[in-house]
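The first residue of the sequence shown is numbered 1, and numbering continues consecutively from there. Values in this document were obtained by computation on a predicted structure and should not be read as measured data.
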Amino acid sequence: QLQLVESGGGLVQPGGSLRLSCAASGFTLDAYTIGWFRQAPGKEREGVSCISRSSGRTYYADSVKGRFTISRDNAKNTVYLQMNNLKPEDTAVYYCATNPTAMTSTIWYHDVNWGDWGQGTQVTVSL
């Protein structure tokens, strides 16, 4: 029922940067934990990053630590994923999703309460 729209994907060369946006409508995004997930062809969906409600605690997959940064802009009701030093293995469709609970687990991506999802935005890292 919660409306989320991802944007900011595209084609970028290795080493380049993109900023993905997850914009909410009809509700206050800050009231939810927001996660970024991705799915590449032939692979399972994986958790990329998460920012918890209440605490603001952030989590990152080992594969993106030091390169990606998740943040909130409450005035714009938007969560961002800044992606730097992109690699070909980052190629995937990226989705954002909501979770009503504060997140304290290092395996946050396995939580049972991930609910509403956006439509996804394609990120392609290639020469």
Beyond-backbone contact of Leu11 with Ser126, side-chain heavy atoms, under 4.5 angstrom: yes
Counterpart residues, side chain to side chain donor-acceptor pair (under 3.5 Å), relative to Gln3 (two or more places apart): none
Met103-Ile51 co-clustered via ILVMFWY side chain contacts under 4.5 Å: no
Backbone of Leu29 reached by a side-chain donor or acceptor of Arg72 within 3.5 Å: yes
side-chain contact (heavy atoms from CB on, under 4.5 Å) involving Lys43 - partner list, sequence neighbours excluded: Ala40
Glu89 CD: over 12 foreign heavy atoms closer than 6.0 Å: yes
Greater than 12 external heavy atoms within 6.0 Å of Gln39's CD: yes
Nearest non-hydrogen partners of Thr33 and Ser52, listed with the distance: OG1-CA, 3.4 Å
Test side-chain contact (heavy atoms from CB on, under 4.5 Å) applied to Leu81 and Thr69, step by step: CA-CA 6 Å; Leu81 185 68; Thr69 303; over 6 Å; no
Minimum-distance pair of heavy atoms, taken over all atoms of Asn113 and Thr101: ND2-CG2, 3.8 Å
Set of residues satisfying side chain to side chain donor-acceptor pair (under 3.5 Å) with respect to Gln82, sequence neighbours excluded: Asn84
Listed partners of Asn74 passing side chain to side chain donor-acceptor pair (under 3.5 Å), at least two apart: none
Gap separating the CG atom of Asn85 from the CZ atom of Phe68, nearest 0.5 angstrom: 9.0 Å
With sequence neighbours excluded, residues passing side-chain contact (heavy atoms from CB on, under 4.5 Å) with Val93: Tyr95, Gln122
Flag side-chain contact, heavy atom, 4.5 Å: Tyr109 against Val48: no
OG on Ser25 to CG on Leu4, rounded to 0.5 Å: 7.5 Å
Leu18 reachable from Ile34 in the ILVMFWY side-chain graph, under 4.5 Å edges: yes
Disulfide bond (SG atoms under 2.5 Å apart) partners of residues 54-122, not counting sequence neighbours, each pair once: Cys22-Cys96
Side-chain donor or acceptor of Glu6 paired with backbone N/O of Gln119 under 3.5 Å: yes
Within residues 9-56 or reaching into it, pairs that qualify as ring pair (Phe, Tyr, Trp, His ring centres under 6.0 Å) - sequence neighbours excluded: Phe27-Tyr32, Phe37-Trp108, Phe37-Trp114, Phe37-Trp117
Sequence neighbours excluded - salt bridge (charged side-chain N to carboxylate O under 4.0 Å, His left out) pairs with any residue from residues 90-113: Arg38-Asp90, Arg67-Asp90
Side-chain hydrophobic cluster, 4.5 Å single linkage: members besides Val5: none
Residues in disulfide bond (SG atoms under 2.5 Å apart) contact with Cys50, at least two apart in sequence or another chain: none
With Thr58 via side chain to side chain donor-acceptor pair (under 3.5 Å) - residues at least two apart: none
Set of residues satisfying side-chain contact (heavy atoms from CB on, under 4.5 Å) with respect to Ser21, sequence neighbours excluded: Ser7, Thr78, Tyr80
Val64 with Tyr59, same ILVMFWY side-chain cluster at under 4.5 Å: no
